[in-house]
There are 2 protein chains.
Amino acid sequence: MAASSSEARLARWRAAFKSGGYRLTSARVAVLRVLAESQQALDATRIFDRARVYEPRLGLVTVYRTLETMLALGLAQKVHCPAQCARYAAVEPGHNHLLVCRRCGRVWYFSGDDLGALMQAVAGESGFRVEDHWLQLIGLCARCRAEMETEGAV
Amino acid sequence: MAASSSEARLARWRAAFKSGGYRLTSARVAVLRVLAESQQALDATRIFDRARVYEPRLGLVTVYRTLETMLALGLAQKVHCPAQCARYAAVEPGHNHLLVCRRCGRVWYFSGDDLGALMQAVAGESGFRVEDHWLQLIGLCARCRAEMETEGAV
DNA sequence: TCAAAAATGAAAACCATTTTCAGTTACAGA
DNA sequence: TCTGTAACTGAAAATGGTTTTCATTTTTGA
Ligand SMILES: [Mn+2]
Ligand SMILES: [Mn+2]
Ligand SMILES: [Zn+2]
Ligand SMILES: [Zn+2]
């Protein structure tokens with residue numbers, strides 16, 4: 001199921017690149033594949049390392065360029081963590097808010113935030129035009145909690 | 001009123017440095033003063049420029065070091081914007097959520113978010129331990145909206 | 001198959017932040 | 001008020017992530 005959903009994601013992304021007028025090079029596909037398969041928010045270097053398994057001649061520059069394009073196409077998003085501000089994760093259609101494990105970087109998407117009323121109230125009383133909202137929950141996933149207990153630290 | 005509240009804030013911060021065991025040097029006070037007086041989220045360079053008015057011999061290094069200490073003491077917070085991840089703003093006691101103007105960087109604090117239920121639901125079903133939440137509204141303040149209309153661009 | 005445009009990667013440049021270190025300063029205690 | 005000393009400072013150098021440059025390679029439509 002994780003595999004098939006990552007296949008589907010990759011297919012969608014290939015189509016998005018095509019219809020955006022971008023060529024489907026093997027370097028780009030290697031980067032797409034890494035993020036499509038991952039359930040984590042990864043930084044550029046880690047994406048680079050993993051993508052080189054698929055495409056050993058890949059350069060780090062192309063990773064950055066491909067990520068830039070993915071952001072522009074709305075396929076990936078930047079994830080800000082307390083420790084590191086430049087991680088990238090797949091955008092899951094529909095749900096925009098993230099639960100991020102500060103230890104392993106895995107992300108989960110959730111919905112159910114009802115900020116509409118709050119945003120309207122804020123806009124109404126200040127004249128502010130709210131264009132975007134960021135909501136991100138940060139903590140420790142179940143697995144990391146268990147691992148940290150094993151290691152002793154908390 | 002803005003002036004007196006910035007005076008009060010500066011006084012609080014001086015006390016916090018003192019009781020944290022940090023010396024009150026003129027370099028530090030210049031940095032504190034800038035953030036105490038500002039209602040914006042500023043980056044290190046802008047803080048440096050403004051602080052040199054008070055303390056011309058100030059070095060940029062000390063700005064970074066003082067901001068670091070302010071974060072540790074909970075007096076300032078890092079503000080993440082789409083354009084720039086390293087701005088700093090005063091922490092307003094009680095309310096932790098920000099409304100940020102993406103154009104001028106001014107920040108307003110708001111409360112009234114009720115995320116408790118959401119966070120419990122998320123934690124319950126996933127075993128995730130939510131340690132922190134980031135909620136930030138991004139948009140355009142009334143003044144910037146007016147100025148942008150005048151200039152033609154939107 | 002071929003030409004043109006797009007894309008690539010190695011190397012260099014860039015730039016915000018951090019580290020180093022020798023000199024300066026704040027301040028507790030005399 | 002003076003003094004000793006640890007804390008602090010700023011100039012300069014180092015660092016490290018990201019971007020730019022540019023000659024070469026690849027993709028793709030004709
Ligand atoms: Mn950030
Ligand atoms: Mn809250
Ligand atoms: Zn984890
Ligand atoms: Zn504004």
Side-chain angles (χ1 to χ4, degrees), chain A residues 13-35 41-73 75-88 105, chain B residues 13-34 41-73 76-88 105:
Chain A
W13 289 357
R14 296 177 83 119
F17 263 68
K18 272 293 184 192
S19 65
Y22 297 98
R23 293 180 178 178
L24 273 179
T25 66
S26 58
R28 278 175 179 163
V29 172
V31 174
L32 293 185
R33 191 177 301 227
V34 167
L35 268 184
L42 303 168
D43 61 30
T45 308
R46 193 157 299 180
I47 293 168
F48 178 54
D49 291 338
R50 297 193 187 182
R52 273 206 290 191
V53 174
Y54 301 124
E55 185 60 34
R57 301 175 45 217
L58 180 67
L60 179 57
V61 205
T62 298
V63 174
Y64 280 109
R65 286 192 282 228
T66 303
L67 289 171
E68 196 68 25
T69 305
M70 293 182 75
L71 294 182
L73 291 173
L75 310 179
Q77 65 187 308
K78 248 188 189 158
V79 177
H80 301 253
C81 296
Q84 201 181 32
C85 280
R87 290 187 184 168
Y88 298 83
Chain B
W13 289 357
R14 295 177 83 120
F17 263 68
K18 271 293 183 193
S19 65
Y22 298 98
R23 294 182 177 177
L24 273 179
T25 66
S26 57
R28 279 175 178 163
V29 172
V31 173
L32 294 184
R33 191 177 301 226
V34 167
L42 303 168
D43 61 29
T45 308
R46 193 157 299 178
I47 292 168
F48 178 53
D49 291 339
R50 296 192 188 182
R52 274 204 291 191
V53 174
Y54 300 125
E55 185 61 32
R57 301 175 45 216
L58 180 68
L60 179 56
V61 206
T62 297
V63 173
Y64 281 107
R65 286 192 282 228
T66 304
L67 288 171
E68 195 68 26
T69 305
M70 292 182 76
L71 294 182
L73 291 173
Q77 64 187 308
K78 249 189 187 158
V79 177
H80 303 254
C81 297
Q84 201 181 32
C85 282
R87 289 187 185 169
Y88 299 83

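In what follows, chains carry the letters A, B, and so on, assigned in the order in which the sequence lines appear, proteins first and then strands, with residues in each chain numbered from 1.
- Within the model, atoms SG of Cys81(B) and CG of Asp43(B) stand 10.0 Å from one another, a figure rounded to the nearest 0.5 Å.
- Position along DNA chain D of the nearest nucleotide to Ala44(A) versus Arg57(A) favours Ala44(A) as the more 5'-ward residue.
- Contact between Ala41(A) and Arg87(A) at its shortest, heavy atoms only, is O-CD, 3.3 Å.
- At distances below 3.5 Å, not a single donor-acceptor pair connects side-chain atoms of Thr62(A) with backbone N or O atoms of Leu58(A).
- Between the CZ atom of Arg65(A) and the C1' atom of dA6(C) there is a distance of 11 Å, given to the nearest Å.
- Between the Arg28(B) side chain and the Arg23(B) main chain, a donor and an acceptor come within less than 3.5 Å of each other.
- Here dT27(D) presents its P atom at 15 Å from CZ of Phe17(A), a figure rounded to the nearest Å.
- Between Phe48(B) atom CZ and dC15(C) atom C1' there is a gap of 15 Å when expressed in whole angstrom units.
- Nearest-nucleotide assignment on DNA chain D puts the 5′-proximal partner with Tyr22(B), out of Tyr22(B) and Val61(B).
- Phosphate contact (OP1/OP2 of dG17(D), side-chain N/O of Arg87(A), threshold under 4.0 Å): absent.
- Closest approach to the Tyr64(A) side chain among dA26(C), dT19(D), dG10(D) is made by dT19(D) (side chain taken as heavy atoms from C-beta onward).
- Among the nucleotides dT20(C), dT17(C), dG9(C), the one closest to the side chain of Ala27(A) is dG9(C).
- No N or O donor and acceptor, one from the side chain of Arg23(A) and one from the base of dG29(D), sit under 3.5 Å apart.
- Atom-to-atom, CZ of Arg14(A) to P of dT27(D) comes out at 12 Å; the value is rounded to the nearest Å.
- In this structure, Gln84(B) places its CD atom 15 Å from P of dT18(D), rounding to the nearest Å.
- OP1 or OP2 of dG9(C) sits under 4.0 Å from a side-chain N or O of Thr62(A).
- Nucleotide dT8(C) holds its C1' atom 15 Å from the CG atom of Leu24(A), rounded to whole Å.
- Residue order along DNA chain C, read from the 5' end via each residue's closest nucleotide, puts Tyr88(B) first among Lys18(B) and Tyr88(B).
- Thr25(A) has its side chain out of reach of Val29(A): every pair of non-hydrogen atoms, C-beta onward, lies at least 4.5 Å apart.
- At the phosphate of dC8(D), OP1 or OP2 sits under 4.0 Å from a side-chain N or O atom of Arg28(B).
- Computed from coordinates, the Arg52(A) CZ to dA10(C) P distance equals 9 Å when rounded to whole Å.
- Contact between the side-chain N/O atoms of Thr45(B) and the OP1/OP2 oxygens of dA16(C) is not found at any separation under 4.0 Å.
- OP1 or OP2 of dT9(D) has at least one side-chain nitrogen or oxygen of Thr25(B) nearer than 4.0 Å.
- Look at CG on Leu60(A): it is 9 Å from C1' on dG17(D), rounded to the nearest Å.
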